[in-house]
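Below is one structure; the comments refer to it alone.
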Amino acid sequence: MSLSRRKFLKGLATTSAVSVIGPSLLAQAARAATEEASPYTADGVWKVSGSHWGAFRAHIYNGKVTEIKPLERDKYPTDMINGIKGIIYSPSRVRYPMVRLNWLKKHKYSGDTRGNNRFVRVTWDEALDLFYQELERIQKDYGPWALHAGMTGWRQTGQFHSCGNHMQRAVGMHGRFMTKVGDYSTGAGQTILPYVLGSTEVYAQGTSWPDILANSKTIILWANDPVKNTQVGWQCETHDSYGYYEQLKGKVKKGEIKVISIDPVRSKTQNYLGCDQLYVNPQTDLPLMLAIAHTLYKEALYDKKFIETYALGFDEFMPYVLGETKDKMEKTPEWAEPICGVKADQIRELARLMAKDRTQLIFGWSIQRQQHGEQPYWMGAVIAAMLGQIGLPGGGVSYSHHYSGVGIPPTGASGPGGFPRNVDEGKKPKWDNGDFKGYSSTIPVARWIDAILEPGKEINYNGSKVKLPETKMLVVSGCNPWHHHQDRNRMKTAFQKLQTVVTIEFAWTATCRFSDIVLPACTQFERNDIDLYGAYSASGILAMHKLVDPLYQSKTDFEIFTELCRRFGRHKEYTRGMDEMEWVRQLYDECREANKANFEMPEFDKFWADGVVDFGEGKNFVRHADFRQDPEINSLGTPSGFIEIFSRKIDRFGYEHCQGHPMWFEKAERSHGGPKSDKFPLWLQSCHPDQRLHSQMCESEEYRATYTVQGREPIYISPEDAKQRGISDGDLVRVYNERGQLLAGARVSDDYPPGVVRIHEGAWYGPLNEKLGAIDTYGDPNTLTMDVGSSELAQATSANTVVVEMEKFEGEVPPVTSFGGPIYES
Ligand code: PGD
Ligand code: PGD
Ligand code: 6MO
């Protein structure tokens with residue numbers, strides 16, 4: 001690299017479309033070959049399909065799914081396959097188009113009763129007419145700023161029916177709307193890391209497991225539970241990662257690789273691997289990390305040459321660590337010990353171990369879903385830069401190995417495209433009004449409740465100002481905001497202000513309860529589709545055969561929005577004149593064309609009949625190897641092209657809680673002696689569920705019964721904390737803080753240390769009634785979480801910054817109100 005450029009930069013641095021499988025040639029071909037390729041019983045048929053939980057064969061008899069079993073190729077299927085049938089046949093299915101009683105009868109929006117769950121059944125035509133009239137009214141009386149149709153989430157798999165695309169294309173053909181930037185998963189990480197490493201990293205391919213297994217001597221799983229979290233994938237999951245976990249387990253046992261899980265909780269992965277745990281107080285990883293950096297520096301264990309060649313800003317950062325700037329505290333292990341709860345000597349040992357040999361840092365995402373969540377990710381990159389192993393096989397830092405098969409050697413094949421999300425090129429919405437009246441048309445995703453409550457407020461976001469638009473109407477599809485957002489009582493207050501909420505759903509979630517118009521979508525198991533098999537590995541292409549016809553009066557999202565578009569004469573444009581199977585075939589044919597130079601793919605009919613195209617083994621990949629090889633030619637996407645330990649750009653934003661380099665900031669709430677812990681001594685972590693995908697599958701009755709306690713969501717608690725409160729395993733408990741209260745069932749477990757409790761996110765909210773403060777009868781952790789942005793930079797969710805207290809529940813036990821759908825009125 002040219003010295004002059006480096007010096008220069010250093011200076012700067014500082015209704016069912018296809019109802020019954022008819023006698024079409026296609027369906028006949030599919031049936032014949034599926035029967036051939038799979039065990040066939042005389043009294044039914046087996047069909048191949050796939051899901052977030054993996055690929056499977058489903059047995060259908062008499063129009064009903066009777067059994068689901070993993071596809072033979074899946075060697076490590078998840079237990080959650082057993083919950084799928086219960087999604088289709090859930091008592092909580094949305095059966096008919098429904099309109100909220102008070103909204104319909106009073107038609108003054110009646111926000112005060114929103115959430116009372118009293119609904120009137122209407123016809124499809126009535127429901128769609130109302131939906132259309134409301135869109136018209138909002139665009140006419142207000143403008144695009146008053147409509148929020150931007151939220152997206154974990155829609156079920158399948159590239160054609162990807163429901164957020166359908167909703168946004170159709171609503172977008174009618175008029176513009178406010179949308180969002182970022183997501184709940186990695187909002188802080190994906191915003192900070194482009195400044196530091198030049199890409200989001202969280203959604204990037206990571207070093208392949210064979211390289212890690214062959215080269216790493218130490219693996220640090222930092223706030224990471226991959227054995228739990230790779231059970232699901234954004235596209236149909238192969239579960240091939242588990243083969244590598246198995247090998248890792250063998251190497252841990254033989255002492256060939258040391259794995260340390262830095263986590264307050266003994267995770268599923270730790271229990272599986274039999275690896276070490278380094279306990280850390282919740283939300284205090286930053287002090288631990290700063291003390292590691294201090295040790296590496298003081299003991300001259302860091303790679304000076306790497307820092308000089310590949311990074312900028314070390315000289316601006318180290319004075320903070322050494323206590324020469326800002327808070328004037330030297331970040332010694334002794335300084336860190338009382339905050340993070342790790343003994344100073346242990347911190348030193350850890351730093352030495354990391355520097356001794358090849359070390360791979362692998363972060364999970366939970367620690368960036370907390371206040372100042374940008375900081376641990378930035379600091380992780382700084383430690384990795386100090387260790388000097390970025391770009392080496394089995395070294396450096398990863399932020400993605402627990403996600404969707406990252407680390408399985410990728411084949412490089414192209415996956416099928418999807419149904420278009422946008423209005424076609426050259427076309428304009430019916431209401432062609434782009435005037436947002438000075439409001440921002442895009443807001444950070446987690447700030448949408450702020451927009452309802454404080455319209456016109458200007459907030460900082462990633463170097464710019466965002467003026468929150470006054471939302472009057474929401475359209476929700478493929479996500480469950482009354483699961484995913486924080487602080488239910490605050491949400492209740494906000495929803496009272498809304499005029500109209502339309503939700504398109506197959507499960508009667510709390511979001512439906514707080515809506516005005518609910519349209520019954522069918523599940524993915526009631527439609528034909530196509531998917532990539534293995535989101536990051538691109539292992540193959542999967543046919544998703546419709547198992548049964550849409551139940552009750554449900555329709556595919558495609559059909560629902562075709563009918564909406566018909567109301568303003570744009571249905572032909574919306575569908576492009578194609579039906580479901582024509583779309584699926586086209587997506588396959590385009591994919592086949594894109595792959596033709598490198599991968600053989602059969603003609604569509606054969607693929608559809610076989611169920612899977614397998615692209616074979618992938619090739620190993622080492623993250624950042626090209627940058628290491630030549631940082632000039634393969635510069636990073638950061639402003640300087642180097643790793644930015646100090647970011648001049650961020651520094652210039654002048655933010656309080658995200659400054660020019662990583663720093664420790666105290667949280668608004670923290671256990672173990674932190675703020676508010678005197679009143680609420682327990683940290684509530686709302687990790688991702690072992691037996692659900694967020695809120696999906698909570699409606700699966702029999703499966704839910706395998707983990708609930710007295711019909712409630714479990715709260716995991718340490719034996720010490722349980723004893724102190726007179727709580728026994730299996731007791732019903734009330735969990736509370738200043739924001740809310742909920743009922744849950746106690747599970748006392750040694751995996752949890754004192755001061756830490758867990759309720760998995762996605763537990764269905766079941767308020768006793770729609771009033772503020774009403775107890776949640778099932779155990780949704782977001783009844784208690786705090787709704788503040790991570791910092792001025794990312795404005796991401798801070799779901800994991802929350803403390804609570806709990807007690808054994810005495811008194812009359814209210815029934816669970818979460819499940820079973822609405823109260824039908826006439
Ligand atoms: P899901 O439960 O998957 O959660 O939030 P998200 O909203 O994505 O909701 C998807 C909804 O879409 C379900 O209700 C499902 O029935 C519906 N749906 C699925 N497929 C279709 C379809 O084809 N058509 C239609 N019409 N509907 C469909 C997830 C979000 O939650 C995420 S990703 C994260 S990382 C966050 N995590 C946490 C956390 O760790 N802790 C807390 N406290 N809160 C969180 N919230 C966030
Ligand atoms: P979590 O389970 O919330 O997973 O992936 P993410 O990595 O966010 O947390 C992982 C670990 O972080 C836990 O063991 C927890 O104890 C630890 N942890 C939490 N806070 C701290 C802390 O302050 N310090 C330290 N050191 N450790 C901490 C989530 C990812 O999972 C996402 S975003 C999605 S959308 C997917 N969701 C699911 C799902 O819903 N269900 C399953 N089974 N799998 C999923 N995979 C994906
Ligand atoms: Mo997520």
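Numbering of residues begins at 1 and proceeds along the displayed sequence. Ligands are counted one by one from 1 in listed order, and the atoms in each one are counted from 1 as well. This one's a predicted model, so the numbers in the text were calculated from it and none came from an experiment.
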Going by atom types alone, do E505 and N480 pair a side-chain donor with an acceptor below 3.5 Å? no
Does at least one non-hydrogen atom of M167 fall below 4.0 angstrom from an atom of ligand 1? no
Measure the distance from atom 21 (C) of ligand 2 to every protein heavy atom, then report the residue, atom name and distance (to 0.1 Å) of the closest one. I367 CG2, 3.4 Å
Of the side chain and backbone of T509, name the one, both, or neither that has a heavy atom under 4.0 Å from an atom of ligand 1. side chain
Considering only heavy atoms of M80, which atoms of ligand 2 have at least one such atom less than 4.0 Å away? 43 (N)
I'd like to know if the side chain of S477 reaches the main chain of M167, judged simply by a donor and an acceptor atom lying under 3.5 Å from each other, with no hydrogens or angles considered. no
What is the nearest protein non-hydrogen atom to atom 45 (C) of ligand 1, stated with its residue, atom name and distance? E761 OE1, 3.6 Å
Is C522 in polar range of ligand 1, meaning some N or O pair under 3.5 Å apart? no
What protein heavy atom lies closest to atom 3 (O) of ligand 1? Include the residue and the distance to one decimal. Q696 NE2, 2.7 Å
Against heavy atoms of W154, which atoms of ligand 2 measure under 4.0 Å? 35 (S)
Considering only non-hydrogen protein atoms, determine which one is nearest to atom 12 (O) of ligand 1 and report residue, atom name and distance to 0.1 Å. G478 C, 3.2 Å
Tell me, with the steps shown, if H372 and W664 meet ring-ring contact (aromatic ring centres under 6.0 Å, His included). CA-CA 9 Å; H372 324 130; W664 161 241; 7.8 Å; no
Which of the atoms in ligand 2, numbered in the order shown and given with their element, are less than 4.0 Å from a heavy-atom of Q231? 43 (N)
Can you find an N/O atom of H688 closer than 3.5 Å to an N/O atom of ligand 1? yes
So which heavy atom in the protein is nearest atom 5 (O) of ligand 1, and how far is it from that ligand atom? H484 CB, 3.1 Å
Identify the closest protein heavy atom to atom 10 (C) of ligand 2: which residue and atom is it, and at what distance? A223 O, 3.7 Å
Will you find, in the side chains of S366 and N800, an N or O donor that is under 3.5 Å from an N or O acceptor? yes
Strictly by modelled atom types, are D240 and Y76 linked by a side-chain donor-acceptor pair under 3.5 Å? no
Nearest non-hydrogen protein atom to atom 18 (N) of ligand 1, with distance, is F506 CE2, 3.5 Å
Side chains of D285 and W222: do they bring a donor and an acceptor to under 3.5 Å? yes
Any idea which atoms of ligand 1 are less than 4.0 Å away from a heavy-atom of Q156? 19 (C), 20 (N), 21 (C)
For ligand 2, which atoms sit closer than 4.0 Å to a heavy atom of R758? 13 (C), 14 (O), 16 (O)
List every atom of ligand 2 that sits less than 4.0 Å from any heavy atom of V280, numbering the atoms from 1 in the order shown and giving each element. 26 (N)
Consider only side-chain N and O atoms of Y245 and T230, and report whether a donor and an acceptor are under 3.5 Å apart. yes
For S185, the atoms of ligand 1 under 4.0 Å from one of its heavy atoms are 33 (S), 35 (S)
What is the closest protein heavy atom to atom 7 (O) of ligand 2, and at what distance does it sit? W365 N, 2.8 Å
Basic-acidic side-chain contact under 4.0 Å: D450, R490: yes
What protein heavy atom sits nearest atom 43 (N) of ligand 1, and how far away is it? N782 OD1, 2.7 Å
Please assess E669 against R739 for the test salt bridge (charged side-chain N to carboxylate O under 4.0 Å, His left out), listing each intermediate value before the final yes or no. CA-CA 13 Å; E669 297 185 9; R739 286 175 293 273; 2.9 Å; yes
So which bit of V232 gets within less than 4.0 Å of ligand 2, heavy atoms only: side chain, backbone, both or neither? side chain
Of all protein heavy atoms, the one nearest atom 26 (N) of ligand 2 is D285 OD2, 2.8 Å
Nearest non-hydrogen contact with atom 16 (O) of ligand 2 belongs to which option: D263, I262, V265? D263
Using a 4.0 Å heavy-atom threshold (strictly under), name the region of C163 that reaches ligand 1: side chain, backbone, both or neither. side chain
Taking distance alone, with no angle check, do H694 and ligand 1 share an N/O pair under 3.5 Å? no
We want to know whether S818 and Y765 form a side-chain donor-acceptor pair, criterion being a heavy-atom distance below 3.5 angstrom. no
Flag the pair W365 / H402 as yes when at least one side-chain heavy-atom distance between them is below 4.5 Å, and no otherwise. yes
With atoms numbered from 1 as shown, which atoms in ligand 2 lie under 4.0 angstrom from a non-hydrogen atom of G364? 7 (O)
Sub-4.0 Å atoms of ligand 2 with respect to non-hydrogen atoms of Q370: 23 (O)
Would you indicate which of R527, M697, Q524 comes nearest to atom 23 (O) of ligand 1 when only heavy atoms are counted? R527
Please state whether N800 comes within less than 4.0 angstrom of ligand 2, counting heavy atoms only. no
Counting only nitrogen or oxygen atoms and a 3.5 angstrom limit, does R155 reach ligand 1? no
From R488, H485, Q486, residue fulfilling side-chain hydrogen bond (donor to acceptor under 3.5 Å, both in side chains) relative to D787: H485
Is the closest heavy-atom distance from R369 to ligand 2 below 4.0 Å? yes
Top protein contact for atom 36 (C) of ligand 1, by heavy-atom distance: Y184 CB, 3.7 Å
Short version for A521: what comes under 4.0 Å of ligand 1, heavy atoms counted, is side chain
G153 neighbourhood, listing ligand 1 atoms whose heavy-atom distance to it stays under 4.0 Å: 8 (O)
ring-ring contact (aromatic ring centres under 6.0 Å, His included) between H52 and W154, intermediate numbers included: CA-CA 9 Å; H52 289 301; W154 276 72; 4.9 Å; yes
Closest protein heavy atom to atom 4 (O) of ligand 2, given as residue, atom name and distance to 0.1 Å: N229 ND2, 2.8 Å
Pull out every atom of ligand 2 sitting under 4.0 Å from any heavy atom of H402, numbered as shown with elements. 5 (O), 7 (O)
If you count the atoms of ligand 1 from 1 in the order shown, which ones are under 4.0 Å from a heavy atom of I504? 25 (C), 26 (N), 27 (N)
Please tell me whether R266 and Q277 have a donor and an acceptor in their side chains that are separated by less than 3.5 angstrom. no
For D74 and Y242, test the side chains for any donor-to-acceptor distance below 3.5 angstrom and give the result as yes or no. no
Look at atom 15 (C) of ligand 1 and say which protein heavy atom is nearest, naming residue and atom and giving the distance to 0.1 Å. E505 OE2, 3.4 Å
Looking at A799, which atoms of ligand 1 are within less than 4.0 Å of one of its heavy atoms? 41 (N), 42 (C), 43 (N)
Hydrogens and angles aside, do R692 and Y707 bring a side-chain donor and acceptor to less than 3.5 Å of each other? yes
Going by atom types only, do E526 and T523 share a side-chain donor-acceptor pair under 3.5 Å? yes
Assess the side chains of Q168 and R421: does a donor N or O sit below 3.5 Å from an acceptor N or O? yes
Of all the atoms in ligand 1, which lie at a distance below 4.0 Å from a heavy atom belonging to D557? 22 (C), 23 (O), 24 (N), 25 (C), 26 (N)
Region of W683 engaging ligand 2 - heavy atom pairs below 4.0 Å: side chain
